[in-house]
Amino acid sequence: MMKETWDFGLLVKSLFLLVLGVLCVSGFDPADNFLIDCGSNKDTNVGNRVFMADKSAAKFLSTSQNILADTPSNSITKADDSPLYQTARIFTQQSSYKFPISQVGRHWIRLYFYPFVYQEYDMSKATFSVSTQQNVLLGNFTPKNVTVKEFSVNVTSRDLVITISPLSYSFAYVNALEVVSVPDILITDDASTISPAGTFSGMYAQALETVARVNMGGSLVSFDNDTLWRTWVTDQSFLTQPSSAKSINKIASVKYPQDGATPDIAPPTVYGTCSKMNVADTGNDPNANFNVTWTFDVEPGFQYFIRLHFCDIVSTAANQLLFNIYVNSWNVANDFDPGQKVQGFLATASFNDYVTPPAKSNRLNISVGPSPRSGFPDAFLNGLELLKLNNSQGSLSQVASIPTNPSSRAKKNVGVIVGVSVGVPLILLMVGILFCMHRRKKQEKLAQSKIWIPLSVNGGNSHTMGSKYSNGTTISAASNLSYRVPFPALLEATSNFDESLVIGIGGFGKVYRGVLCDGTKVAVKRGNPKSQQGLAEFRTEIEMLSQFRHRHLVSLMGYCDEKNEMILVYEYMENGTLKSHLYGSDLPSMSWKQRLEICIGSARGLHYLHTGYAKAVIHRDVKSANILLDESFMAKVADFGLSKTGPELDQTHVSTAVKGSFGYLDPEYFRRQQLTEKSDVYSFGVVLFEVLCARPVIDPSLPREMVNLAEWAMKWQKKGQLEQIIDPNLKGKIRPDSLRKFGETAEKCLADFGVDRPSMGDVLWNLEYALQLQEAVIQDDPEENSTILIGELSPQVNDFSHVDAGASAARIESPNLDDLSGVSMSRVFSQLVKSEGR
């Protein structure tokens with residue numbers, strides 16, 4: 001009889017939960033509800049929702065192509081084998097979805113990704129960005145497995161445009177797409193700030209990306225058991241010490257207050273479970289003192305919104321339990337009473353919202369722990385939501401900025417021009433006239449004398465740069481070798497910037513050949529006002545090149561920031577770029593020895609950057625177009641606009657937004673946004689293969705497997721058949737041992753992980769060795785010599801004690817010890833490759 005009663009009670013409880021679940025799921029009716037199964041030729045039912053066929057969504061889509069992909073259902077290996085992942089739409093050009101919005105306000109945007117191979121499209125290699133009119137949602141994104149990216153954006157217009165933009169050498173895809181209204185009560189405008197403690201206002205305007213949504217102590221809550229179609233995962237994988245927590249389940253007891261939390265905030269299946277301190281393992285010690293901690297991966301540089309859900313299913317009486325809540329090292333709620341917001345009622349839902357300062361680490365910890373004032377030591381948490389806030393540019397990605405509407409930018413510029421041209425003269429008219437008269441007289445004198453003004457002398461002075469790109473930026477230099485050049489002098493040197501004198505065009509602007517009044521040939525790089533590179537690159541270039549003097553670094557001779565101009569003046573390099581001598585021009589082919597010497601010179605310049613000062617300087621844009629050749633084909637590294645000072649002594653890397661050139665970009669830096677000198681080493685490895693094969697690093701006109709030079713060359717190198725792909729002009733002209741050593745060096749540079757790559761010093765020594773192998777027949781066994789690995793030379797690079805003092809002194813031709821280019825590497829290598837020198 002007792003068993004029958006128990007079964008009946010269990011049945012009643014189960015029916016209650018079922019009814020409660022149905023009521024929760026049917027609680028919210030969105031004003032806008034666009035669900036698209038991309039690539040599918042029919043509607044798709046997922047739970048109680050219907051995703052429309054791709055052809056039905058064509059009215060929302062603007063694209064130049066229709067590539068609809070599908071994959072067999074048995075190819076999906078994830079436990080969640082949703083039919084949404086069986087099809088996809090592929091985009092090879094920028095395309096947009098435009099949805100009519102019936103009710104402005106916050107909306108979910110959910111993007112579904114599952115990479116599979118369709119014809120020539122390997123979706124695991126797709127790289128693209130996704131943006132709205134106001135926000136960048138994803139930048140340079142490559143889905144690696146089944147992924148749902150969920151965003152919450154505030155739509156203020158009658159249309160929501162979602163733009164999908166593949167990188168120039170790649171493509172984009174999406175398996176399914178949702179645009180769904182969000183209840184107004186879900187995100188309020190205010191939240192508590194953590195450091196400093198206060199109030200964050202303006203949450204309505206923020207774009208949010210869901211990082212984690214966790215059901216503490218409970219099982220997975222799928223989207224069809226949530227009123228807003230959210231998924232709540234279990235907390236086991238986030239617990240730093242799973243044994244410190246104990247799970248409790250009392251879903252049937254959950255109540256919602258008249259004001260505050262609702263089933264839309266979180267379902268009963270979240271509020272009815274929790275993870276609490278496992279005090280049972282301490283023998284219910286009344287003095288137990290430990291925290292339960294969850295750790296989450298975050299992206300440094302962004303603020304995060306944290307919502308903590310509480311429902312006291314632990315206490316036996318109201319106001320019995322107090323505990324502390326921590327975010328990282330901050331105590332954000334001291335002596336927290338989980339019943340305070342709900343008038344002391346037990347098992348009643350509530351939540352707390354917090355906003356963090358910008359994250360400095362890639363980890364964020366949430367902890368709960370006992371308070372000394374509590375009746376007994378315990379603490380719990382029912383649920384957690386962690387969302388990333390957009391940055392000051394409106395972006396949720398560090399590698400992309402807000403898409404700018406040209407018309408709105410033009411209007412903004414008009415406003416600025418009107419404000420400046422009308423407001424300023426009214427305020428400063430007389431002062432401006434007097435200043436202009438004085439400045440004109442000064443410029444006339446400068447133009448007549450053509451004397452350059454030092455940027456600074458021995459670091460003693462600094463000058464302020466003013467241009468339309470800034471409100472004035474102070475720049476100083478460490479020597480008197482850099483100068484400010486009057487604009488009239490540059491007009492004369494370039495014949496008023498005659499287009500026939502253009503010798504190159506880059507991201508910053510055009511480069512002109514010029515001759516100064518004393519006959520000195522110069523290269524004049526004139527900033528383009530429409531260029532995305534501006535003041536930051538201009539300033540970096542001056543600061544870097546005014547510090548460094550090395551025979552394998554292009555010298556900065558001056559700069560000009562007059563008349564709304566940003567101009568850099570360099571020594572003139574007679575033979576242009578390395579790239580122009582490899583392909584794309586009718587210049588004669590270079591010999592293998594010439595190419596090796598150019599690689600060696602470039603390596604010397606980069607090695608000096610990495611080691612010449614207390615802190616390394618990372619170039620960040622190493623490529624053949626930034627290696628210039630003088631009249632004797634000596635190589636010099638150029639273009640330091642993207643350069644970055646390396647990490648401190650106690651750090652391994654610098655966290656920074658990804659910048660560089662596609663095809664040369666270090667994939668580890670791209671993935672982790674952590675910059676080291678080894679990022680330059682990777683780029684230089686690509687240059688080495690470029691020198692050997694004489695073809696572009698990215699060539700979309702070639703068959704797919706050949707498009708990316710680094711990937712293609714590495715396949716042949718690993719097969720030991722590198723000679724199959726070399727420049728036809730070099731066929732039969734490279735000694736096998738030299739080619740083998742060169743290929744080994746390039747392969748090491750392109751290692752997947754920076755720690756496995758050689759230093760530039762190691763690269764330099766191995767290239768010198770490749771040159772020795774090319775130039776002379778070595779007395780000892782050539783096969784033995786040709787297989788010396790980079791790692792075997794590393795100790796000798798950093799330790800010159802094996803070379804006698806007299807010999808090393810004789811090899812230094814320059815008194816500047818920081819300039820390693822004076823060392824005769826061939827003489828040093830002659831000691832290594834002969835038996836008596838080993």
Side-chain angles (χ1 to χ4, degrees), residues 24-36 48-52 57 59-60 96-112 130-138 148-163 176-192 199-211 213 223 226-232 256 259-267 302-307 309 351-355 385-396 402-403 405 408:
C24 286
V25 171
S26 61
F28 175 66
D29 183 19
D32 297 307
N33 189 29
F34 301 100
L35 312 176
I36 303 172
N48 61 348
R49 312 172 79 197
V50 178
F51 284 72
M52 72 176 75
K59 58 188 176 184
F60 306 122
S96 297
Y97 284 95
K98 184 176 182 179
F99 298 100
I101 300 300
S102 59
Q103 182 176 311
V104 297
R106 193 162 287 278
H107 285 64
W108 296 121
I109 298 176
R110 294 189 180 105
L111 304 169
Y112 294 72
V130 180
S131 59
T132 67
Q133 298 102 308
Q134 301 298 325
N135 305 103
V136 173
L137 307 181
L138 296 170
V148 179
K149 286 291 188 178
E150 181 184 85
F151 306 92
S152 173
V153 300
N154 185 36
V155 182
T156 57
S157 63
R158 288 300 176 181
D159 292 302
L160 173 63
V161 179
I162 299 175
T163 301
L177 171 65
E178 293 185 38
V179 173
V180 182
S181 297
V182 175
D184 292 337
I185 63 167
L186 189 66
I187 301 292
T188 60
D189 197 47
D190 297 333
S192 299
T199 301
F200 181 96
S201 297
M203 284 299 301
Y204 284 145
Q206 291 288 320
L208 306 171
E209 177 184 353
T210 302
V211 176
R213 184 175 288 116
F223 63 86
D226 182 282
T227 59
L228 304 182
W229 305 280
R230 298 164 295 191
T231 297
W232 302 74
Y256 288 95
D259 296 314
T262 69
D264 287 338
I265 298 295
F302 288 90
Q303 292 182 274
Y304 288 84
F305 173 82
I306 302 170
R307 174 164 288 177
H309 297 274
F351 61 92
N352 287 7
D353 291 343
Y354 302 96
V355 172
E385 293 175 86
L386 179 64
L387 297 93
K388 183 201 293 185
L389 275 66
N390 65 251
N391 61 20
S392 59
Q393 295 178 305
S395 177
L396 288 161
I402 304 174
N405 184 322
S408 64

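Ring geometry for H309 against W232 counts as perpendicular: the plane angle is over 60°, on a 0 to 90° scale with 30° as the lower cut. A perpendicular orientation is assigned to the rings of Y112 and F51, their planes being inclined by more than 60° (bins at 30° and 60°). A tilted orientation is assigned to the rings of F99 and F34, their planes being inclined by 30° to 60°.
In this structure, S395 and V136 approach most closely via the heavy-atom pair OG-CB, 3.4 Å. Scanning both residues, R230 and P263, for their nearest heavy atoms gives NH2-O, 4.1 Å. Residues T188 and I185 come closest through the heavy atom pair CG2-O, 4.3 Å. In this structure, D159 and P100 approach most closely via the heavy-atom pair OD1-CA, 3.7 Å.
Enclosure of atom CG in D184 is not indicated, since only 12 or fewer non-hydrogen atoms of other residues, nucleotides or ligands lie within 6.0 angstrom. The number of heavy atoms from other shown groups lying within 6.0 Å of CG (D259) does not exceed 12.
Distance check, rounded to the nearest 0.5 Å: CG of L396 to CZ of F302 gives 6.5 Å. Atom CG of residue N33 and atom CH2 of residue W229 lie 5.5 Å apart, to the nearest 0.5 angstrom. Here the straight-line distance linking atom CD of E385 with atom OH of Y304 works out to 16.0 Å at 0.5 Å rounding. Rounding to the nearest 0.5 Å places CZ of F151 at 4.0 Å from CG of L138. In this structure, L389 CG and F305 CZ are separated by 8.5 Å, a value rounded to the nearest 0.5 Å. To the nearest 0.5 Å, the span separating CG on D353 from CD1 on I306 amounts to 10.0 Å.
A 4.5 Å side-chain heavy-atom check between V153 and L137 finds at least one atom pair inside the cut-off. Side-chain contact between I265 and L186 is present, with at least one heavy-atom pair separated by less than 4.5 Å. Side-chain contact check for F28 versus T262: every heavy-atom pair is 4.5 Å or farther apart. In this structure the side chain of L35 reaches within 4.5 angstrom of the side chain of V180, judged on heavy atoms. Using a 4.5 Å heavy-atom cutoff, the side chains of L177 and I162 are in contact. In this structure, P30 and W108 have side chains that are not in contact, with every pair of non-hydrogen atoms separated by 4.5 Å or more.
Applying the side chain to side chain donor-acceptor pair (under 3.5 Å) criterion to S192, with sequence neighbours excluded, gives no partner residue. The side chain to side chain donor-acceptor pair (under 3.5 Å) test applied to N154 returns no partner, not counting sequence neighbours. For E178, the salt bridge (Lys or Arg N to Asp or Glu O under 4.0 Å) partners are R49, R110, not counting sequence neighbours. Listed by chain and number, the residues in a ring-ring contact (aromatic ring centres under 6.0 Å, His included) with F200 amount to none (sequence neighbours excluded).
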Under the side chain to side chain contact (heavy atoms under 4.5 Å, CB included) criterion, do L111 and V130 qualify, and how do the steps go? CA-CA 10 Å; L111 304 169; V130 180; 4.0 Å; yes
When you look at T132 and I109, which way does the side chain to side chain contact (heavy atoms under 4.5 Å, CB included) test go after all the steps? CA-CA 10 Å; T132 67; I109 298 176; 3.9 Å; yes
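Applying the side chain to side chain donor-acceptor pair (under 3.5 Å) test to residues at least two apart or on different chains, the pairs with a partner in residues 97-107 are D32-S102, D32-H107, R106-S152, H107-S181.
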Contacts table for residues 203-211: side-chain donor-acceptor under 3.5 angstrom, sequence neighbours left out:
{"unit_1": "E209", "atom_1": "OE2", "unit_2": "K149", "atom_2": "NZ", "d": "3.3"}
{"unit_1": "T210", "atom_1": "OG1", "unit_2": "E150", "atom_2": "OE1", "d": "2.6"}

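Side chain of N135 to main chain of G394: a donor-acceptor pair is present (N/O by atom type, distance under 3.5 Å, no hydrogens or angles).
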